[in-house]
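To start, the structure under review is shown below, and the notes come after it.
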Amino acid sequence: MVQGVLVIAPFFRPSKGGAESYIDEIVSELAEAGYKVYVQTYQPLYKGIPLAEKLEVNGNVTIRRYKWIGGDLFHRLSKFPALVFLYITPYLFFRVFLWLVINHKKISIIDGQGLNACFIAKILGGIFKIQRVSTVLALYNFQDNSLFKRLASWAILGSKKVILEKGLSVSEVSSLGYDPSKMVSFFWWVNSRCTSLITRSEARKNIKIENANKFTILFVGRALEIKGADIVLAMAKNFPEVDFLFITNNHGYLVEEIKVAEKKLFNVKFIGEVPHSELNLYYRSANLLCVPSRYEENAALVVVESISNGTPVIVSNQGSLPSMITPDVGMVADADVNSFCKCLRKLLDNPTLYREMESKCYEYADDVFGEKNKTAVIEAYLP
């Protein structure tokens with residue numbers, strides 16, 4: 001009998017981000033492995049992202065998207081976990097419950113993507129007597145004895161496996177009382193179609209970058225202060241001899257600042273949104289990726305993708321970011337302009353040090369971010 005996997009994910013494509021990319025990748029891998037995968041999700045909840053098909057069927061993958069209150073409500077509520085829970089959870093629970101009433105016999109295992117989805121999966125798994133796994137890709141900074149921590153613990157306990165990224169997530173989930181021996185921890189892996197082995201000059205020629213010989217810094221992420229976009233913008237003012245490329249969507253409130261800087265500074269270029277399948281050329285074309293996150297970020301996909309394309313990184317000392325790299329392939333800085341500028345200055349003044357980092361990226365990516373991570377995750381779904 002073909003195993004059916006129900007994936008409950010409040011955020012899924014066409015919404016974009018690290019978690020969305022992970023879910024899309026794991027759904028594809030499960031389908032290729034012969035699973036029937038049923039994704040239950042919302043239509044995009046962010047402004048500016050067009051709605052997708054309500055029902056999408058592609059081979060072994062069936063996606064149902066439910067329309068819900070959107071705008072910037074999620075961002076406005078993000079500091080208040082209880083309100084996020086009320087916004088995300090009840091309606092999705094209701095829709096998935098109705099779907100399972102008719103389709104529960106197709107499902108062998110339920111995967112809750114994120115704590116809100118894990119809460120839904122816990123109740124529905126109990127009602128319909130279905131095994132479940134819990135996927136936790138964010139850091140939550142649980143406060144001892146808080147209601148949020150108790151609910152999170154209740155939501156994941158009893159899961160066959162908990163899938164999580166290496167780094168601080170492991171200790172955080174352990175603090176909920178979950179058995180570490182049942183955790184499947186991984187670093188992101190990069191599909192071969194998302195890497196490029198061509199030379200940097202060839203990559204720059206392909207994406208028509210001017211000043212082909214200049215040292216180039218890349219920022220990839222939402223144009224928000226928590227992502228540190230303003231830090232990279234301030235770096236551009238301090239290093240006129242370096243080019244700075246910004247790949248971001250049009251939804252962050254710093255977008256206009258970047259566009260204004262592009263007109264005033266000759267070394268700033270707003271690229272905008274780039275299809276994920278084409279990002280490898282931008283990673284490969286850059287000399288360095290900057291990830292100056294100001295919040296407790298988990299293992300960021302952009303770090304994996306950059307190093308896998310032969311480009312070293314500077315990351316902030318927040319969350320799990322420092323655990324993703326060694327001095328062989330990158331540097332760790334405080335989440336402020338001065339610290340990132342010092343790291344960049346060190347690399348510019350020591351080209352030998354930079355070249356050594358660059359030369360080790362591919363080997364490091366193969367060793368740390370290789371296919372073994374994907375294999376471990378897929379095995380978590382086995383009966």
Side-chain angles (χ1 to χ4, degrees), residues 187-221 228 231-232 235-236 238-247 267-269 271 274 276 278-293 299-317 320-334 339-371 373:
F187 273 133
W188 268 95
W189 61 92
V190 174
N191 193 297
S192 59
R193 65 179 177 271
C194 297
T195 59
S196 177
L197 300 177
I198 63 176
T199 65
R200 180 166 289 115
S201 60
E202 287 175 314
R204 292 184 176 186
K205 188 179 299 183
N206 285 343
I207 57 178
K208 297 180 173 58
I209 287 185
E210 298 175 1
N211 302 318
N213 295 320
K214 286 186 71 173
F215 197 94
T216 301
I217 303 291
L218 182 65
F219 172 85
V220 179
I231 291 176
V232 181
M235 292 172 69
N238 286 288
F239 292 89
E241 73 276 23
V242 174
D243 278 349
F244 290 80
L245 308 182
F246 289 83
I247 293 179
N267 64 333
V268 171
K269 186 171 180 60
I271 304 295
V274 172
H276 190 261
E278 298 175 17
L279 272 178
N280 59 321
L281 287 174
Y282 287 89
Y283 287 120
R284 187 70 193 107
S285 70
N287 295 95
L288 198 65
L289 175 79
C290 283
V291 188
S293 302
L301 175 59
V302 293
V303 174
V304 178
E305 291 179 331
S306 183
I307 295 173
S308 297
N309 280 285
T311 301
V313 298
I314 303 176
V315 302
S316 70
N317 58 357
S320 296
L321 292 174
S323 69
M324 300 184 71
I325 66 169
T326 68
D328 285 341
V329 294
M331 303 176 75
V332 178
D334 295 333
S339 187
F340 268 79
C341 285
K342 286 180 181 177
C343 288
L344 177 55
R345 175 51 60 196
K346 182 175 182 179
L347 291 176
L348 292 175
D349 289 346
N350 295 273
T352 300
L353 174 62
Y354 171 77
R355 285 194 296 270
E356 288 176 353
M357 282 185 180
E358 183 185 32
S359 69
K360 294 176 181 177
C361 281
Y362 285 124
E363 181 181 355
Y364 184 89
D366 186 58
D367 184 45
V368 180
F369 306 135
E371 293 279 310
N373 292 283

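- Partners of Cys341 under the side chain to side chain contact (heavy atoms under 4.5 Å, CB included) rule, at least two apart in sequence or in another chain, are Met235, Asn238, Phe239, Val337.
- To the nearest 0.5 Å, the span separating SG on Cys290 from CD1 on Ile231 amounts to 9.5 Å.
- When the ring pair (Phe, Tyr, Trp, His ring centres under 6.0 Å) test is applied to Tyr282, no partner is found at least two apart in sequence or on another chain.
- Side-chain contact check for Met331 versus Lys342: every heavy-atom pair is 4.5 Å or farther apart.
- Asp367 is linked by a salt bridge (Lys or Arg N to Asp or Glu O under 4.0 Å) to nothing, counting only residues two or more places apart in sequence or in another chain.
- Remark: side-chain polar atoms of Asn309 are not paired, donor with acceptor, to backbone N or O of Ser306 under 3.5 angstrom.
- Looking at residues two or more places apart in sequence or on another chain, you find a side chain to side chain donor-acceptor pair (under 3.5 Å) between Asn287 and Arg204.
- Among residues two or more places apart in sequence or in another chain, the side chain to side chain contact (heavy atoms under 4.5 Å, CB included) test is passed with Asp334 by Asn317, Asp336, Ser339.
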Could you walk me through whether Val303 and Trp188 pass the side-chain contact (heavy atoms from CB on, under 4.5 Å) test, one step at a time? CA-CA 9 Å; Val303 174; Trp188 268 95; over 6 Å; no

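- Side chains of Val291 and Met324 form no contact here, defined as non-hydrogen atoms less than 4.5 Å apart.
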List the steps, then state whether side-chain contact (heavy atoms from CB on, under 4.5 Å) holds for Glu305 with Val220. CA-CA 11 Å; Glu305 291 179 331; Val220 179; 5.9 Å; no

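- Here the CG-CD1 distance, from Leu289 to Ile307, works out to 8.5 Å after rounding to the nearest 0.5 Å.
- For Phe369, the ring pair (Phe, Tyr, Trp, His ring centres under 6.0 Å) test picks out Phe187, Tyr364, with sequence neighbours left out.
- Between atom CD1 of residue Ile314 and atom CE of residue Met357 there is a gap of 8.0 Å, rounded to the nearest 0.5 Å.
- Scanning for side chain to side chain donor-acceptor pair (under 3.5 Å) contacts around Glu358 gives Arg200, with sequence neighbours left out.
- Considering only residues two or more places apart in sequence or on other chains, Thr199 meets the side chain to side chain contact (heavy atoms under 4.5 Å, CB included) condition with Ser201, Glu202.
- Side chains of Leu353 and Leu347 form a contact here, defined as non-hydrogen atoms less than 4.5 Å apart.
- Listed for the Asn267 side chain is a donor-acceptor partner under 3.5 Å among the backbone atoms of Val242.
- Checked against salt bridge (Lys or Arg N to Asp or Glu O under 4.0 Å), Glu356 has no partners two or more places apart in sequence or in another chain.
- For the side chain to side chain contact (heavy atoms under 4.5 Å, CB included) test, no residue two or more places apart in sequence or in another chain qualifies with Lys205.
- In this structure, Thr311 and Leu218 have side chains that are not in contact, with every pair of non-hydrogen atoms separated by 4.5 Å or more.
- Here Arg355 pairs with nothing under the salt bridge (Lys or Arg N to Asp or Glu O under 4.0 Å) rule; sequence neighbours left out.
- In this structure, CZ on Arg284 lies 7.5 Å from CD1 on Ile198, to the nearest 0.5 angstrom.
- For the pair Tyr283/Ser308, no side-chain contact is recorded, criterion being any heavy-atom separation below 4.5 Å from C-beta on.
- Take Lys360 and apply the salt bridge (Lys or Arg N to Asp or Glu O under 4.0 Å) test, not counting sequence neighbours, and it matches Asp328.
- We find the CG-CD1 distance between Leu279 and Ile271 to be 11.0 Å, quoted to the nearest 0.5 Å.
- Rounded to the nearest 0.5 angstrom, Phe219 CZ and Ile247 CD1 are separated by 10.5 Å.
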